[in-house]
Amino acid sequence: MIQESCRPEAGAFEKMLWQYRGEPGMLIPMLQASQESYGYVPPDAIERISYVMGIPEAEIYGVITFYKQFRLKPLGRHIVRLCKGTACHVVGAETIGQVISDELNVAPDETTEDGIFTYMVVACLGCCSLAPAMMIDNQTYGRLTPQTTRKLLRQYRRNAAAESAS
Amino acid sequence: MREVLVGLGSCGLAAGGLKVYERFEELLGSGESCVSAAVLKKTGCIGMCHAEVLVEVRDDAHGSVFYGNVSPEKAAAIFESHIKNGRIADEFKFDAVAATTKQKRIALRNSGVINPDNIDEYIARQGYKALEKVLTELTPAEVITTVSESGLRGRGGAGFPTGTKWKFAAASKGDHKYIICNADEGDPGAFMDRSLLESDPHSLLEGMAIAAYAICADTGYIYVRAEYPEAIKHLKHAISQATKRGFLGDNIFGKGFKFNIRLKEGAGAFVCGEETALIASIEGKRGMPRVRPPFPVESGLWGYPTSINNVETFANVAWIILNGPSAFNSLGTEGSKGTKVFALAGKIKNGGLVEVPMGMTLNEVIYDIGGGTTLGGPFKAVQMGGPSGGCIPANLGSTPVDYEQITATGAIMGSGGMVVMGETTCMVDVARFFLSFTQNESCGKCTFCRIGTKRMLEILERICVGNGKEEDIPLLRELGEQIKSSSLCGLGQSAPNPVLTTLRYFLDEYTAHIKDKKCPAKSCLALVDFAIDAEKCIGCGLCIPSCAVGAITGEKKKLHTIDVAMCVRCGKCMTVCTVNAILKR
């Protein structure tokens, strides 16, 4: 199992693991690094962290499941985060959510079959005056309507298809 | 000398600010005659998010002129008229004066004015002067007295006097002491801290360094939400700049004072806004609160004395040191001094960030600064304090912004989210919304918070779909009071507030849902009937296949109809109609 983590994308994570070994309070940054490298926290990353840091796997698992950021399953290529903050809720985030579910054919926290999108609902993106808002990867889109939401998602899908074709 | 400033806070970026910036870059860079026509600068958020992308042009002839809702095309027109020919492009001009005259900017003094990535611009506006002053002229005790005299109270929500907190932390004994900045702004509907971090990170660092000097701390942590990537970027940059210039580090201003700041990214847990949970999270554990005492000022991070303050609190500190406590405490009311930043959002015309002197009434904030509701007419309620707060009805609009008086309404001052609600907002649905948030975020430690909020949520959900019972109302009240009195931390103690305040002020809406099976705001889909507006329908047929139960019929180019008996009220037809012809009755 430990061998598996020698994948090339594990580099940054492995480096960090040894760099911060023994430093207190580094478990969450470690898990964040793992997620950055793999897109999620794979079982062998938990094993590696436990081995290097000397923290029981059960405790690591407890921390992972406590925080919303961490995922135990791989993510799609693009992450759609719909804001469900108060301001967005008041101006119709529910409808936008329905459009996303409908367009991608997934419920919140699910990944599309083609692996292109993972759809999540988040508490607040802090762009309240541009409500309703969503984030696709690190780009925020505001003042959404059902039409613009559909258009955006289709655009991402087309680009993703074009990328895989080339 | 002409300057062009483009607002590139999160709101500006989301509205397409980068494209506007790039367009200006092209325009200013291309024409040879225009090379020195203007200097292009990035800036943070000035607070008028509703008019993003916001561009400011400063020159000697016209002073400062704002342009609102700028697109790359408008940018070209502004360039042509204002920058090339020195004529204000009146058609795109945005009147920023009306919104700002009633404001008093202390915490936001530099937001939208300086480039947050350039420490020199901060220094040019008296940046790090306050830190120099405390290190050369004041003892730690004098710093604490100054802050105490100013009357500054914690801006994170609870309103604990900052000077008192520092006094306790200074009095505690420990080999190390820590300063923590709580930048885990989790309240949905609040974005003051994000804006401050993105627009003026150095004022936070300076405030933290002054606090560290006051309590003799050597290390600071900024606990910031991972959902704020822009803020994290600016903070990292600011910390490295300040360290290079010797404003942070092992020998600050050559006075032998040592203070370093580390950044910790949160991992998404609302309860980490509570100080003992936040400490647990920095320590790498599950972010669960613990019993106090001992308070963090005695035994906090790794067991050492720790003072935790909010972003906005720190942003006020340098100003207080430079201008004196009386300049600050001359503003505000008896118990609440200075100013407060609010994030205006919801059904409001001019949403954004405003900073007003304490004591201003809610009506003044909403109508005079916020420009009233989006549809005109009065607001129905204003939600303050996020999931821990409550809904204040319009007839209490003359309530002043003051910790005690807001608390008396059943809401709380909170961190400063102010969500305005209009006639189409259902108050039962709002209560359900907040409770589903807190229920989801409850860490599960206290039984009443863990199970009680779940039961309350179930009741609200059934009321929203028309299955409410009359005895639900007293049951909600009873559960609410029990949860408040039997939870350990602020999350549980305040979770029932949105339900209790809506029950107090909008009981008729609950009754309408329960007895008449109607949602007066037409927001709860299960309690409305759908119909098609004969005047608007163009007979395009888009809605017909969208209906899963085949309740919509009609020929092409003729009026379509919905069979109410078949309709399952999913609302999907509304999302596909391009002419808004689906009505709710």
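Below, read A as the first sequence line, B as the second, and so on, with proteins coming before strands; counting in each chain starts at 1.
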Checking [X] against chain B: side chain, backbone, both or neither under 4.5 Å from a heavy atom?
X	answer
Gln35(A)	neither
Pro24(A)	both
Ala123(A)	both
Val63(A)	both
Glu103(A)	neither

Between [X] and chain A, which part of the residue has a heavy atom less than 4.5 Å away: side chain, backbone, both or neither?
X	value
Cys577(B)	backbone
Asn350(B)	neither
Met192(B)	neither
Tyr228(B)	side chain
Glu283(B)	backbone
Val576(B)	both
Thr578(B)	both
Ala190(B)	backbone

Nearest atoms (heavy-atom pairs only) where [X] meets [Y]:
X	Y	value
Gln69(A)	Ala226(B)	NE2-CB, 3.7 Å
Ala87(A)	Gly346(B)	CB-N, 4.0 Å
Lys572(B)	Gln98(A)	N-NE2, 4.2 Å
Gly85(A)	Phe433(B)	C-CZ, 3.6 Å
Cys49(B)	Leu130(A)	O-CD2, 4.1 Å
Tyr67(A)	Ser281(B)	OH-OG, 2.9 Å

Legend entry - Minimum side-chain heavy-atom gap Thr65(A)-Arg286(B) below 4.5 Å: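 Yes - at least one pair of side-chain heavy atoms lies under 4.5 Å apart.
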
Legend entry - 4.5 Å side-chain heavy-atom contact, Val90(A) and Val419(B):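 Yes - at least one pair of side-chain heavy atoms lies under 4.5 Å apart.
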
Nearest 0.5 angstrom please: [X] [atom1] to [Y] [atom2], how far?
X	Y	atom1	atom2	value
Thr86(A)	Phe434(B)	OG1	CZ	3.5 Å
Met135(A)	Ser10(B)	CE	OG	7.5 Å
Met26(A)	Lys264(B)	CE	NZ	5.0 Å

Other residues, nucleotides and ligands only: do more than 12 of their heavy atoms fall within 6.0 Å of [atom1] on [X]?
X	atom1	result
Glu57(A)	CD	yes
Asn105(A)	CG	no
Tyr20(A)	OH	no

Inset, instruction - For Glu265(B) and Pro29(A), indicate whether the former's side chain and the latter's backbone hold a donor-acceptor pair under 3.5 Å. - result: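 No: the side chain of Glu265(B) does not pair with the backbone of Pro29(A).
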
Legend entry - Options Gln147(A), His89(A), Lys68(A), ranked by heavy-atom pairs under 4.5 Å with chain B, top entry: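 It is His89(A).
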
Legend entry - Leading residue by heavy atom contact count with chain B [cutoff under 4.5 Å; candidates Leu27(A), Asp102(A), Asn138(A)]: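 Most pairs with chain B among the choices: Asp102(A).
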
Inset, instruction - Under 4.5 Å, counting heavy-atom pairs only, tell me which of Gly351(B), Ala14(B), Ser546(B), Gly386(B) racks up the most with chain A. - result: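 Most pairs with chain A among the choices: Ala14(B).
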
Inset, instruction - Could you have a look at Glu185(B), Met574(B), Lys285(B) and say which one has the most heavy-atom pairs with chain A under 4.5 angstrom? - result: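 Highest number of heavy-atom pairs under 4.5 Å: Lys285(B).
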
Inset, instruction - Decide yes or no on side chain to side chain contact (heavy atoms under 4.5 Å, CB included) for Thr575(B) and Arg150(A), but give the supporting numbers first. - result: CA-CA 10 Å; Thr575(B) 72; Arg150(A) 275 211 174 83; 4.1 Å; yes

Inset, instruction - Test side chain to side chain contact (heavy atoms under 4.5 Å, CB included) on Lys84(A) and Phe437(B) and set out the steps. - result: CA-CA 10 Å; Lys84(A) 258 208 154 168; Phe437(B) 177 82; over 6 Å; no

